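This report concerns only the one structure given below.
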Amino acid sequence: MFPILDIKQLLTDYSAGANIFNDRDYLSPNLVPQELVSRDEQITQILQVAMSALKGGAPSNILMYGTTGTGKTASIKYVSREISQHFHDAGNRVPVFLYLNCQEVNTTYRVIAQMCNMLNPDEPIPFTGLPTDVILVELSNRLEKACQGTVCFVVLDEVDVLVKKAGDETLYHLTRMNAQLQSARVAVIGISNILDFKDLLSPRVLSSLSEEEILFPAYNATELIDILAARAARAFNPGVLEDAVIPLCAALAAKENGDARKALDLLRRAGELAERKCRIAVNEDLVYQSQEDMSRDRVQDFVTQSPLQQRLVLLSIFLLQQNGLDPIKTGEVYATYCELYKSIERDNPLTLRRVTQLAKELSLLGIITAQTKSDGRRGRSTYLKIQVPLKQLQNTFAADVRLGELLAYKPRAVRRPDLAPVNAKFYKKLT
DNA sequence: TATCCACAGGAAATCAGGGTGT
DNA sequence: ACACCCTGATTTCCTGTGGATA
């Protein structure tokens, strides 16, 4: 017989816990609050530039910088909401704000197509197939129709991702758009997470895009406390947060680059944990636990969602580290990857070039560290090391249908450390 | 001090898979 | 049916490099 799940008991337990949340949406990083903490200066700047364009001046393009969770996106959304409301209330033509996230929309074609679709959803542009210059013409037609006599603000969030991937051609087209338009005008607002974004731009784009630059510094712990307190007052029911909770979330997030998004996430998770555990209040312990959960979930999500090749590369590094190899060099990782790959697939493994690329991606995600060092005559290589708890990775791999059984595998580099280091000829033979 | 190792990583090409208009 | 387009993943080709060692 299966044990019988006592639903009634669970329900009773659950109801006995306090009602933690009043409205958890207030802890969502996507919510644009009524008041933005510590961003008056930046908001004023955006507003000035935008209003000058709306009064008929030549629209200036804006570049906004700052690391993740410093309020860039929230500020621009806040300003666009206020401006739209203002023009609406005054009975004037409301300016158009097109918001695009370049993490998702990351090629010239897609940006232009997406803008077209936002301006006129009734005639969708196919997601591939058409030449880019054709949809550029279509875009200027649609801008002319939709923004007659007013300004279209094109907000390109995470614009650095777009430029890194597709170059600055998109920005070039957009900043030149005004020359072709009769009654509508376009202003580009680029939001970048990296501070040296301008280095990625060619001079022809740089001069027009960086007409106005606005810097968003990281929040310090005090500012984060203000932000959290304002949100928590609406998100939680009175009395459920212990006093130390908000300062702790703020301190933990301040340590990690002053990321408000992270601070909010931490607070929300702590609340959810209290709810699940039927507690009557949120305390420090729950915050620490949530922090652990966040790191675990991040790794788990990555491993379960990434493609086979990426998982194999991570597994190779894991096995080498698990078996005590130190340091772990790219060459050994590649050899191990090939061994693993051949044991589960018949066709060719990836080349070394691609595997180094995948390893680089792992290090960008913070799952491993990669440090390039020279061993003199024994060559130059990158030393890799896993940054998350090995136990955590082991559990995640163990649950992987395809890779679970490979956990017991001992890489050649571990079995026969006496063998000569792998070299270019060796790789040729493998691929 | 010139050499040489074991890669790093940029650039361009290729491939397969999804489309388009005529 | 055909010529042409866009995309993401990958390969191919290549030049560059830090520093122990001959």
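Predicted, not measured: the structure shown is a model, and the values here were computed from it. Chain letters run A, B, ... following the sequence lines, proteins first and then strands; every chain starts at 1.
Interface limits on DNA chain C: the 5'-most and 3'-most nucleotides within less than 4.0 Å of chain A heavy atoms are C:dC5 to C:dA22.
Ring centroids of A:Tyr65 and A:Phe197 are separated by 6.0 Å or more, keeping the two rings apart.
Atom NZ of A:Lys164 and atom P of B:dG9 are 14 Å apart (whole Å). For the pair A:Leu352 CG and B:dC5 P, the computed distance is 16 Å after rounding to whole Å. When the C1' atom of B:dT14 is taken as reference, atom CZ of A:Arg353 falls 16 Å away, rounded to whole Å.
Relative to the six-membered ring of A:Tyr172, A:Arg204 meets both conditions, a distance below 6.0 Å and an angle of at most 45° to the axis.
Distances shorter than 4.0 Å separate some side-chain N or O of A:Ser381 from OP1 or OP2 on B:dC7. A:Lys329 has no side-chain polar atom (N or O) that falls below the 4.0 Å cut-off from OP1 or OP2 of B:dC7. For the OP1/OP2 pair of B:dA8 and a distance below 4.0 Å, the side-chain nitrogens and oxygens of A:Thr382 include at least one atom meeting the criterion. For A:Thr330, a side-chain nitrogen or oxygen approaches OP1 or OP2 of B:dA8 to under 4.0 Å.
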Item to complete: Show the numbers, then the answer: is there a side-chain hydrogen bond (donor to acceptor under 3.5 Å, both in side chains) between A:Asn193 and A:Thr68?
Response: CA-CA 6 Å; A:Asn193 284 334; A:Thr68 42; 5.7 Å; no
Practice prompt. Test side-chain hydrogen bond (donor to acceptor under 3.5 Å, both in side chains) on A:Gln289 and A:Lys277 and set out the steps.
Written response: CA-CA 12 Å; A:Gln289 264 183 60; A:Lys277 295 192 168 196; 3.0 Å; yes
Give every pair of a protein N or O atom and an N or O atom of nucleotides 15-22 of chain B that lie under 3.5 Å apart, one pair per line with the distance.
unit_1, atom_1, unit_2, atom_2, d
B:dG18, N2, A:Thr128, OG1, 2.8

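The shortest non-hydrogen separation linking A:Asn61 to A:Val188 is OD1-N, 2.8 Å. Taking all atoms of both residues into account, the shortest heavy-atom contact from A:Gly129 to A:Tyr109 is N-OH, 4.1 Å.
Here A:Asp133 lies out of heavy-atom contact (under 4.0 Å) with every strand.
Using a cut-off of 4.0 Å between Lys/Arg side-chain N and Asp/Glu carboxylate O, A:Asp265 and A:Arg261 are scored as not salt-bridged. In this structure, A:Arg296 pairs ionically with A:Asp293, as a charged nitrogen and a carboxylate oxygen lie closer than 4.0 Å.
If you find the closest nucleotide of DNA chain B to A:Lys360 and to A:Ser374, the one lying nearer the 5' end belongs to A:Ser374.
Between A:Phe318 and A:Phe397, the angle of the ring planes lies from 30° to 60°, which puts this pair in the tilted group.
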